[in-house]
Amino acid sequence: MATAALTATSTDTAHMPIDQKLLTLTQWLSPSYPIGAFAFSHGIEQAITQGWIEDAEGLHDWLHGCVTHGSGHTDAVWLRLAYDAEDAVEVDACARAFAPSWERRREADRQGAAFTRTTNAVYGFDLPDLLLPVAVGRSSALAGLDQDTTVLLYLQAFVGNLVSASLRLMPIGQVAGQRVVADLNPVCIATMANTRNATVDDVHSCAFLSDIASMRHETLEPRLFQS
C-alpha cells in the first residue's frame, strides 16, 4: 500500500455541475458498481441462521441498530474523516484496527479495493487500496462531491445491500424489503446529521449482536455469503 498522503486536488470532476456530481455519486453507490457487495451479508446470514432475525420487522430493527449504533454509524465517521484527511492512509489504518472481526475487515477491504480500482481507472485518481468507507470518502473529496450527500447515500446503499442479502436468505418478499429501506431513510438522515464534525473519538459500536454474528459467520457451513 502506498504511504504518501492523499490530498484533494483540482480535477475535472471537481468542476462538474451539481446534477452531474449527484449522478456520479449515485453511480458509485449503485448495485451496478463492481465492488462485489452481493457477495457479503455483513453477518446477517449468521443472524438469520441463529434465529436473531426472523421477519421484516426483525430485519428493520437489526439494521436500525447497525445504522444508529453500529457499523453504519462507524462507516459514516470513517467516510467523513477520510474526506477531510490530509493522509487517508492513516485513517485507513485506524479503520482497520477498529474492525470488530476478521470477516468485517475482509469485507471492507475487498469492496474498497474493488472500488478504488474502478474509480481510479474511470476518474483518473491514484488511490491505493483502502477500506470501502475510506475509499468512498477520499474519492468524494477528490471529485468535489458534497460530504453530507455522500454520507447519506452511502448509508442508504448500506441498508439496501443488506436488505437485498436478506431477501435471498428468508421469505420476506420484495415489497416488505423495500418498506424496510423506506422506513430506514429517516434513520439514515439522522445518522448523517449526527456524524457531522465527528472525530475518531466518535467511533464506537453498541450493536453487539451484529458484531458477534460477523465473528461466528467465519465457521458457518453451508453458507451463501463471504461474511
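Just the heavy atoms: all of them, side chains too, but no hydrogens, waters or symmetry mates, feed the values below. In this text the structure is predicted, and so the values were computed from the model without any measurement.
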Using side chain to side chain contact (heavy atoms under 4.5 Å, CB included) as the criterion, list what pairs up with [X], not counting sequence neighbours.
X      : answer
Ser101 : Glu103, Arg104, Ser214, Met215
His69  : Cys206
Asn120 : Thr116, Phe125, Leu127
Leu153 : Leu22, Leu25, Thr26, Leu29, Thr149, Gln156

By ring pair (Phe, Tyr, Trp, His ring centres under 6.0 Å), which residues pair with Phe158, not counting sequence neighbours? His42

Enumerate the ring-ring contact (aromatic ring centres under 6.0 Å, His included) contacts for residues 181-202, please, sequence neighbours excluded, ordered by first and then second residue. none

Under 3.5 Å, which donor-acceptor pairs link side chains of residues 72-79 to any protein atom two or more places apart or in another chain?
residue, atom, partner, partner atom, Å
Thr74, OG1, Gly70, O, 3.1
Thr74, OG1, His204, O, 3.0
Asp75, OD2, Tyr154, OH, 2.8

Residues two or more places apart in sequence or in another chain: which of them pass side-chain hydrogen bond (donor to acceptor under 3.5 Å, both in side chains) with Thr118? none

Which pairs with one or both residues in residues 145-159 pass salt bridge (Lys or Arg N to Asp or Glu O under 4.0 Å), sequence neighbours excluded? Arg80-Asp148, Asp148-Arg196

Listed once per pair and sorted, the salt bridge (Lys or Arg N to Asp or Glu O under 4.0 Å) pairs that draw on residues 152-162, sequence neighbours left out: none

Review item, side-chain donor-acceptor pairs of residues 52-68, under 3.5 Å, at least two apart:
residue, atom, partner, partner atom, Å
Asp55, OD1, Glu57, N, 3.3
Asp55, OD1, Gly58, N, 2.8
Thr68, OG1, His64, O, 2.7

Does the side chain of Trp28 come within less than 4.5 Å of Leu145's, by heavy atoms? yes

Side chains of Tyr123 and Thr24: does their closest heavy-atom pair fall under 4.5 Å? yes

With a 4.5 Å cut-off on side-chain heavy-atom distances among I, L, V, M, F, W and Y, is there a chain of contacts connecting Val134 to Val200? yes

Indicate if Phe208 and Leu162 have the same hydrophobic cluster label, given that clusters are the connected sets of ILVMFWY residues with side-chain heavy-atom separations under 4.5 angstrom. no

